[in-house]
Each structure stands twice: as structure tokens, then as C-alpha cells.
Protein chains: 2
Amino acid sequence: MTDGEKPAEPKGEKSLRDEFVDRRPTINDVARLTGVSKKTVSRVINKSPAVKENTREEILRVMHEIGYAPDPQARGLAFRRSFLIGMIYDNPNPQYVVNMQQGLLDGMRGTGFELVVHPCDRASETFLVDVRNFVERQKLYGVILTPSVSEDERVPPILRQIGCEFIRIASVSLDEPEHMIVSHDHLGGAAAGRHLAGLGHTRIGFISGRDSFRSSHERRRGLEEALVERGLTLDEDLVASGAYTFESGFECALDLLQRPKSPTAIFAANDEMAAGVLQAARTLDIRVPDALSVVGYDNFQLAERLWPRLTTVHTPTREIGRRASTKLINPVPAVEVEREDPRALPSLVIRDTTAPPI
Amino acid sequence: MTDGEKPAEPKGEKSLRDEFVDRRPTINDVARLTGVSKKTVSRVINKSPAVKENTREEILRVMHEIGYAPDPQARGLAFRRSFLIGMIYDNPNPQYVVNMQQGLLDGMRGTGFELVVHPCDRASETFLVDVRNFVERQKLYGVILTPSVSEDERVPPILRQIGCEFIRIASVSLDEPEHMIVSHDHLGGAAAGRHLAGLGHTRIGFISGRDSFRSSHERRRGLEEALVERGLTLDEDLVASGAYTFESGFECALDLLQRPKSPTAIFAANDEMAAGVLQAARTLDIRVPDALSVVGYDNFQLAERLWPRLTTVHTPTREIGRRASTKLINPVPAVEVEREDPRALPSLVIRDTTAPPI
DNA sequence: CTGAAAGCGCTTACAG
DNA sequence: CTGAAAGCGCTTACAG
């Protein structure tokens, strides 16, 4: 079982691979072929330092040669924990979901973990039972929660009780840092506000998302901060309650634009609603951006498909996802302070729906 | 262990549940509490008919009472096959991906299977190895392939060799019926063609998707069939090669609309490209639908957000997904002929981008 | 119709 | 630094 064997028994190596054409090699095969116990092979798999360097190398060589990969199912059974990561979500926007999935997968690539998707409905009576069953039955290694389920305070206690790792993605911190990835939406709201105020707008309208969504509050908070910087305040008469949908954006804009003192600019709390604002403006024959400036939030593909192309706030959803799964798999020691990387922060993208007021 | 026990030992039942607060019940618990061997419990789990009705009922009662659910991991290890279904895809459209996932999950609800998502890149050198490793390592129960990976003839032989079930979703049949869900895109293309020809258009342009996508060919084929019905033919001078992207739709339309004999209507092979056509028309100051009719394909949300709202062909992606996972889990006996349900067929949705030619 | 034994491919104490 | 035994929670032959 030394290096000398390679040139000595070329035929032996051939048949070695042949043995595994219709059967995958197991830990026992590796142990047998390398002359150690399976426990030692297990140590190598689990990167235990308590293995002599020579032995480890030889074992790795054999593993590579016969194309061995440990069976996640068997490992999971013994570990009492699978190598599956669940994404639990209720965000209805397809672009958000897909970007987030891609990001989570980015952070999981090469780790041996797989992503199991699990949409849910917070309003359902069986919601909590469903989540619990999902996590418990699959013995999930961990779970990623995205807005707005991530904001539901009933879920974390259950996960803690079951002993399931979790990361909550939200616009603002809601939990201990080791359980959070924060998107800082108020910064995006402030960027939108500064842009509009900077163009000279003073009557700036706001269309919110549903009240139960933290992101909507954060985006509004940012807007208000920016206005205050300019000595302005958000006029309650220029605020409308939307629901993050295209239709609600349309209705709210129709409403706002027909009020006695209508806004010269509207900040819609997401792109879907901003698209509705554009439709409403057309319906009322109000030209954008000449007579009305519009800013959205998300910077999904839709923003570039609209006409005029939408000025909006970019959220690095995929990057946030990547961080979330990375953090779930490799918990950051509490000592290490996470620095805010600008790549994970929202940023304004100026296109064609904003201009100075007439 | 009869019905009499319930009122007789309420305390016994209480402590029974208490036993499983920090530990999930296993097959052994069910066997012990019900006084049979675990093999018999296993028979009930696997719906074997060889269990006396009384015994089965009693076992089911106990299972329900203590909240027993078999461990998919342990079951998978013994079965040499997991309860995971993989979705392998490379369609870049988020809406398609999400709708398909929802459909697949619809068909899996209540079955105990979970969905593992696996985007891929057919152009990658390691593509086939990646797919094989994914399926083999996770011992996937089965795999769903969506366009355009579903059209790759290198994949099915690998899956067959590994012994992994699979369903290919495509616009046209490419395999034995038990492995296919067909979306019949030529029917959608024909509907688009009939609509435009019916409005009186004779110079109808077509923007294709990438040549390697079957759906683009099928949609074109349908268009041509419809034109022939009206005694028309598709003029090669009015055809442009797109790539299913917004940008390619824009470029192709710019090209087509500036040719000497430009079309009065354009059928773009998907909504993304149709959105590009609308932008191009605006750029050239061509009014839609007055001077140019436009039809897309997909009926994704985008179609309603555009202005004018896009006439397009609806594809029941979610329904197709539901059928695919249902078929994967419950293979249809070869004898049963599948009838084409209209709910799974494409259908025209007329909105505001089509009108008679001037 | 039912069960005792062995096994799926790993890991966890426990030794040495 | 290394290993023999027992176990994770199920199922598959094989009996009866």
C-alpha cells in the first residue's frame, strides 16, 4: 500500500476501478484498500486532526482513485442531521426568490450541502406545524428564512427547541447577530430620498408596502431621514398604503395624483408598485419624468423593461443569499466583528423616470 | 390495546405523549407500544396489503397518537434511494423557474418528497459529471428536466444507467411517453399566427429564440401552419434571429422595422423579446398597436406591466410542473393513454398590443 | 399474516 | 494516533 505499488501493479489498479462500475465505493472499500479501519477513514472524511499525515494522504489518494464520496444519507443518519438546507419563504416576487436561491447556492457550492425549497403561508392555520414538520422530518442541517417569514417571531423559538440552525434575512436586525443577515433598507430609502430632494422636489409622495412588512417601514424611514437632511418632512397627505403589488401601486398612484395638492415625485416601496405608478400616470396623461418623477425599490429586471426605464434602488439579493448560506455553514466566531461590506448594501440606480420638477 | 384503553388509562396516554417531547418516536416505539414486530410496522408504512386489518388499524392509531412519521433518511438508506426529487434547469427566466417549482411542489404536496433545486450550465465542461454526481450522491428518487437541459440527449442515458427516474419537460416529444411532459408550443404559435392573420396582417415578422431551443422552432412551426391556413407564407426577409433575451428582442426589432419592406406585426418567440420590440418601436417612434402589432409568448407577469399591455400566449407552466412531479411519483401504467387536458395547453391572451393594420 | 436476523453506510463513545 | 463494537432508523430476503 505504498507508492511502489502504482508501477508494480498496473493491472491491479485497472481492476480496482472496474470494481466500481455498477456499485459505488463505500467507506469499507476505502478502509480495505488502504489497510486501515473504517474509523480512521471516517476521521479523514471529517477532517479530524488525529490522523498521521502519511495515513491521511494514502487514504485521500485511494478515495480519489476509486472516486469515493461519502453517502450523505448514511452520514446524516449517524449524525442525526441531514446535509440539507431549507429555504423557507413567502415572498411572492419570482425574481426575488430566484436571486435568493442563486445566492444561497453560491454559498453552498462545493460544500456537499443541497438546497430544499419550501414556500409557506404565514396566514395558514397549519403554518407553524408545517414548518416544524418540514425541519424535523428532514432533520435539516439549517434553515434560511427570508422576508416576511423571517420577521415572524413565532418561528425562531421552534427552531431553537428542535436544535436547527437558522439565519434570518431581514431589512433590520431582529435577532442575535449570528442569526441575522441585514439588508439595511433604510439606506436605500435614504438614497432615493436624497436623489429626489436633490433634484429639487419638495412634494414627494410615498407608497408603502403592507404594514406587516418591515422593509416598507425601513424604506420609509430612510426617505424621511433624507428629507430631514434637506429641511423637508414627509407630508402624510402624500402617503398611500400599498401592498407591494402592481395593482396596489396603480391604485395608490391614481389616488395620490388626483389629490388637491398632488406630489411631483413618488417613491414606491418596490418596483412592482412603481410599475403601477407608471401605468397610472399614463392613464391620467401625466408625463414621466417631466411632470412626475418615480423611484422604485429592488432593481429587478422589470425596471429595465419598463418605459421610461425605472430609477430604483438596487438590492444585492444574490450577494445577501450567498452570505446567508455561507454564514449558516461556517458560523462566524462571536469575537469576529462582521464588517459591513458595501457589496451587500443597497444602492441607487438612476435611469429615466426622475428629473427636476417643472 | 383495544378501544377500551382510551377511557381506562387517560394517564397512560398522557405520559405516552410526554415520552416524545425531546425525542421523536421511531419504528421501534410504534412496535413496542402496539405489541408487534417492527417489520409489521414497516409493512404498514409501506402500505403492504399483507397485514391484518385489525393490526393495521391499531398500528395507525398508535402512530397518529404519538405523532410518528418515518425518518426519510433511514428509509432512504435502507431503500438505497432518497425521497428527494431534483429539479435540473438552465432556463434563465425567474418567472419560469418559480412557476415550475410551484407546480412541482403542487404535485409533491403530502407525499413526503422534497424538492432539491439544481441549476446547471450545459456549456460547462463538467456539466455531465456534475449532474451525475448530484443524482448519484443524493441517491435522488427522480429528476425533473426542464428546457433547455431537457433537450440534451446526453443526459437520459446517464440517468438510465444510474437507475434514476426522470421526466423531461419539452415543447415537443423527445422520449418515451412515460418520460415526457409536452407543452405543445406549436399550438401556441398557431394561435398567435391565426390572431394576427385574422386581424388582416399579411406582413408578419418573427423573432426566434436561440437555434438550440426547441420551443422556438415549435412556436415558429405553429405560426407557419396558421399562415398557410390563410394562404400566407412566412417571408424569410421578415425573420430575425434572437436569443430569448430582452436585448436581442430590441436589436432584432430595430433591424426588422428598418428593413425596406417592414412588417406590420411581429410575433416574438417569448415575452422578454416582445418587451424589447416595444422598446424598439418607441425608439423608432412607431406606435403600438396602431402602426405595429406585437405578440409575445409565455404570459409572464411582465406582459401586464408593459405598456401597452402585451398580447401573448399563455403557457400553463405551473400546471405542467404539477403533472410532471405527479407522473414521476406515480408512474402511469403504459396501458393508460394520457388524454390531452386543455388546462395543460397554451392559449392566446389578447391585450392591447394587437390591432388591424392601418 | 407475522417475525428474527442481517444489512444499508456511516459515526459515536470507549479503549488502548 | 488507531480500532472493535454498537448504534442511527429503517428495509430486505428468508422463514414459518
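- For dT2(C), the OP1/OP2 oxygens have a side-chain nitrogen or oxygen of Thr55(B) closer than 4.0 Å.
- Among the heavy atoms of the strands lying under 4.0 Å from Tyr68(A) are primed sugar atoms or P, OP1, OP2 only; no base atom is included.
- Lys52(B) comes within contact range of the sugar-phosphate backbone alone, with a heavy-atom separation under 4.0 Å but no base atom that close.
- The separation between Ile45(A) atom CD1 and dT12(C) atom P is 11 Å, rounded to whole Å.
- Atom C1' of nucleotide dG9(C) and atom CZ of Arg81(B) are separated by 18 Å, given to the nearest angstrom.
- For the pair Thr40(B) and dC1(C), the criterion of a side-chain N or O lying under 4.0 Å from OP1 or OP2 is not met.
- Of the candidate nucleotides dT11(D), dT2(D), dG9(C), dG9(C) has the atom nearest to the side chain of Ile27(A).
- Crowding of Glu125(B) atom CD: a count of heavy atoms from other residues, nucleotides or ligands under 6.0 Å not exceeding 12.
- For the OP1/OP2 pair of dT11(D) and a distance below 4.0 Å, the side-chain nitrogens and oxygens of Asn46(B) include at least one atom meeting the criterion.
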Task: Paired and unpaired positions of DNA chain D as dot-bracket, Watson-Crick or G-U wobble under 3.5 Å, | denoting a partner strand - done: |||.||||||||.|||
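- At least one side-chain nitrogen or oxygen of Ser42(A) sits closer than 4.0 Å to the OP1 or OP2 atom of dT11(C).
- When the P atom of dT11(D) is taken as reference, atom NZ of Lys47(B) falls 11 Å away, rounded to whole Å.
- Between Arg75(B) and dT11(D) there is a side-chain N or O to OP1 or OP2 distance below 4.0 Å.
- Taking atom CZ of residue Arg137(A) and atom C1' of nucleotide dG9(D), one finds them 15 Å apart after rounding to whole Å.
- Close to dG9(C), at under 4.0 Å from its OP1 or OP2, lies no side-chain N or O of Thr26(A).
- Between Lys38(A) atom NZ and dT12(C) atom P there is a gap of 13 Å when expressed in whole angstrom units.
- Aromatic ring pairs are classed by plane angle as parallel below 30°, tilted from 30° to 60° and perpendicular above 60°; the pair His179(A) and Phe166(A) is parallel.
- For Phe113(B) against Leu84(B), the heavy-atom pair with the smallest separation is CD2-N, 4.4 Å.
- Scanning all heavy atoms of the two residues, the minimum distance from Cys120(A) to Phe127(A) falls at SG-CE1, 3.7 Å.
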- [ ] Would you sort out whether Arg168(A) and Glu176(A) count as a salt bridge (charged side-chain N to carboxylate O under 4.0 Å, His left out), showing the intermediate values?
- [x] CA-CA 10 Å; Arg168(A) 302 167 72 178; Glu176(A) 295 147 18; over 6 Å; no
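- Of the two residues contacting DNA chain C, namely Pro49(B) and Lys139(B), the nearest-nucleotide position lying further toward the 5' end is that of Pro49(B).
- A side-chain donor from one of Gln101(A) and Gln101(B) sits under 3.5 Å from a side-chain acceptor of the other.
- Side chain to side chain, Asp90(A) and Ser148(A) meet the donor-acceptor criterion of an N or O pair below 3.5 Å.
- In this structure, the CG atom of Leu77(B) is 9 Å from the C1' atom of dC8(D), given to the nearest Å.
- Across dG7(D), dC10(D), dA13(C), the shortest atom-to-atom separation from the side chain of Lys39(A) is found for dA13(C).
- If you check distances only, the side chain of Arg43(A) does reach the base of dG3(D) with a donor-acceptor pair under 3.5 Å.
- Computed from coordinates, the Gln73(A) CD to dC10(D) P distance equals 13 Å when rounded to whole Å.
- Nearest heavy atom pair, residue Leu328(B) against residue Val143(B), reads CD2-N, 3.9 Å.
- Protein atom CD1 of Ile59(B) is 13 Å distant from nucleotide atom P of dC1(C), rounded to whole Å.
- Positionally, the nearest nucleotide of DNA chain C for Arg56(B) lies more toward the 5' end than for the other of Arg56(B) and Ala74(B).
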